[in-house]
Structures are given as C-alpha cells and as structure tokens.
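One structure is given below, encoded as structure tokens.
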Amino acid sequence: NAGVTQTPKFQVLKTGQSMTLQCAQDMNHEYMSWYRQDPGMGLRLIHYSVGAGITDQGEVPNGYNVSRSTTEDFPLRLLSAAPSQTSVYFCASSPTGGPPYEQYFGPGTRLTVT
Amino acid sequence: AQKVTQAQTEISVVEKEDVTLDCVYETRDTTYYLFWYKQPPSGELVFLIRRNSFDEQNEISGRYSWNFQKSTSSFNFTITASQVVDSAVYFCALRRNNAGNMLTFGGGTRLMVKP
C-alpha cells in the first residue's frame with residue numbers, strides 16, 4: 001500500500017493563477033480531508049468528505065474547492081491563488097466504522113504564492 | 001466550539017533531560033478523542049497516541065508517557081531521557097465523537113534536544 005499520496009511536493013504560483021493539489025489513498029478509506037499548516041497555528045481543516053459524492057466545509061474553506069468523485073481521490077482546487085494561501089497542505093484519510101482511528105496523513109505539498 | 005492550546009511554543013533541552021509538553025483542551029462534548037502527532041524536520045506527520053474521554057489511564061510507551069486528566073482538561077506528553085532524534089514539532093489534537101476525521105489541532109510545540 002502506498003498510503004496517502006500527494007502531488008506535487010512543491011509548487012510556486014503567481015497571484016491569480018489556479019491549480020489543483022492532488023490527493024489519493026489506496027486504503028479504501030471513506031473519510032478524507034484537507035488541512036493547511038501555518039506557523040504557530042497548527043493544522044486547520046479546509047474541506048472534508050465522508051464518502052464519494054459528499055463534501056463539506058471545514059474551518060477555513062474560502063478560496064478552495066473540492067470534489068470527491070471516487071473513494072480514492074480528493075483533489076483540492078485553488079481557483080485564484082492569493083499570497084494568503086502560501087502554506088503547507090496536508091491531505092488525510094481515515095476509515096469509518098468501529099473506534100475512531102487515527103488519520104493517515106500524506107507527505108504534504110508546500111505551496112508558495114507570489 | 002472546540003479549542004486546543006499548547007502554550008509552549010518552543011522548548012529546548014539537553015539530551016537525557018526529561019521534558020513535558022502541555023496540552024489543554026476545551027470541548028462541551030462528553031465523548032471525544034485526543035491525539036498526539038509528531039512532525040520531524042522532514043515534515044511528515046507521525047501518529048503517536050489516541051485516547052478517548054472515558055479512558056483516563058495514563059499510558060507509557062518506551063520513553064514516552066501520557067497523562068490524561070479530565071478534571072483539568074489536559075493531556076500532557078512526557079519524554080523521558082530525551083534524545084536528539086526527539087527534536088520535532090509536536091501537535092495535540094481533539095476530535096469530537098461522530099465527527100468523521102475532523103481534528104482540531106493545537107498550535108504545536110517545537111522541541112529542540114541538544115547533544
């Protein structure tokens with residue numbers, strides 16, 4: 001199992017550009033989510049999904065879109081990048097049913113918006 | 001609303017010292033889950049422990065131990081005989097029951113262990 005994979009690892013964008021951060025998991029987890037990590041603020045939830053076709057907003061959703069067409073993939077779209085979106089982005093997944101399990105995090109994508 | 005506070009932003013110790021990382025949380029739920037994650041300099045997030053609100057037993061895993069006290073809403077993490085490889089950012093996180101994979105993280109504590 002590859003676990004949770006994210007591409008790209010690094011990205012530099014200019015203000016106003018759009019891009020999609022990719023996230024995939026091969027563990028058949030229903031729950032997937034996106035977090036952003038900023039210095040001193042820990043990780044904050046952007047969007048999450050409880051299964052294919054179902055998504056919802058987290059704490060800081062503005063400026064981001066998501067969709068979940070398959071169990072495996074959960075891409076995060078930045079429609080018009082802003083310098084405030086400079087951050088490290090983590091995708092996570094976890095199984096459903098039974099005890100709450102820990103989330104499995106991807107390696108992260110470091111995004112710089114100039 | 002939920003909140004997790006890690007008041008220590010940075011701690012520096014010398015190798016072999018014991019160190020405790022504090023975590024205080026706020027929630028109105030009676031059932032919830034607490035987590036600790038480690039983020040080494042390489043950047044990935046490593047799961048360390050999960051504790052549910054009904055289990056106040058302290059836990060020890062090698063040099064790591066956790067002290068969960070519901071009365072003070074704290075879930076502190078102690079590293080005994082610290083090593084340079086323990087240098088990392090440590091995050092405490094809170095999850096509500098039936099909340100999918102929505103974690104509320106503290107701001108993190110950067111631990112530097114000097115040789």
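Below, chain A is the first sequence line, B the second, and so on; all start at residue 1.
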Take a 6.0 Å sphere around NZ of B:Lys16 and say whether it holds more than 12 heavy atoms from other residues, nucleotides or ligands.
no
May I ask you to check whether over 12 heavy atoms, not counting those of A:Met41, lie within 6.0 Å of atom CE?
no
Does B:Phe77 share a hydrophobic cluster with A:Leu43, counting links as ILVMFWY side-chain heavy atoms below 4.5 Å and allowing steps through other members?
no
Identify which part of B:Gln6 has an atom lying under 4.5 Å from any heavy atom of chain A, answering side chain, backbone, both or neither.
neither
Going hydrophobic residue to hydrophobic residue with side-chain gaps under 4.5 angstrom, can you get from B:Met102 over to B:Val4?
no
Using the side chain to side chain contact (heavy atoms under 4.5 Å, CB included) rule, take B:Phe35 and A:Gln103 through it: C-alpha gap first, then chi angles, then the decisive distance, then the call.
CA-CA 10 Å; B:Phe35 298 78; A:Gln103 294 195 45; over 6 Å; no
Within 6.0 Å of CD1 in A:Ile54, more than 12 heavy atoms from elsewhere
yes
Please check if atom CZ in B:Arg51 has more than 12 non-hydrogen atoms from other residues, nucleotides or ligands closer than 6.0 Å.
yes
If hydrophobic clusters are built by linking Ile, Leu, Val, Met, Phe, Trp and Tyr wherever their side-chain heavy atoms come under 4.5 Å apart, do A:Val60 and A:Met32 end up in the same one?
yes
Pick from A:Phe105, A:Tyr35, A:Tyr104: which one makes a side-chain contact (heavy atoms from CB on, under 4.5 Å) with B:Leu45?
A:Phe105
A:Glu59, part contacting chain B, at a heavy-atom distance under 4.5 Å
neither
Joint hydrophobic cluster, B:Val46 plus B:Ile79, side-chain heavy atoms closer than 4.5 Å:
no
Can you name the residues of residues 104-115 of chain B that have some heavy atom under 4.5 Å away from a heavy atom in chain A?
B:Phe105, B:Gly106, B:Gly107
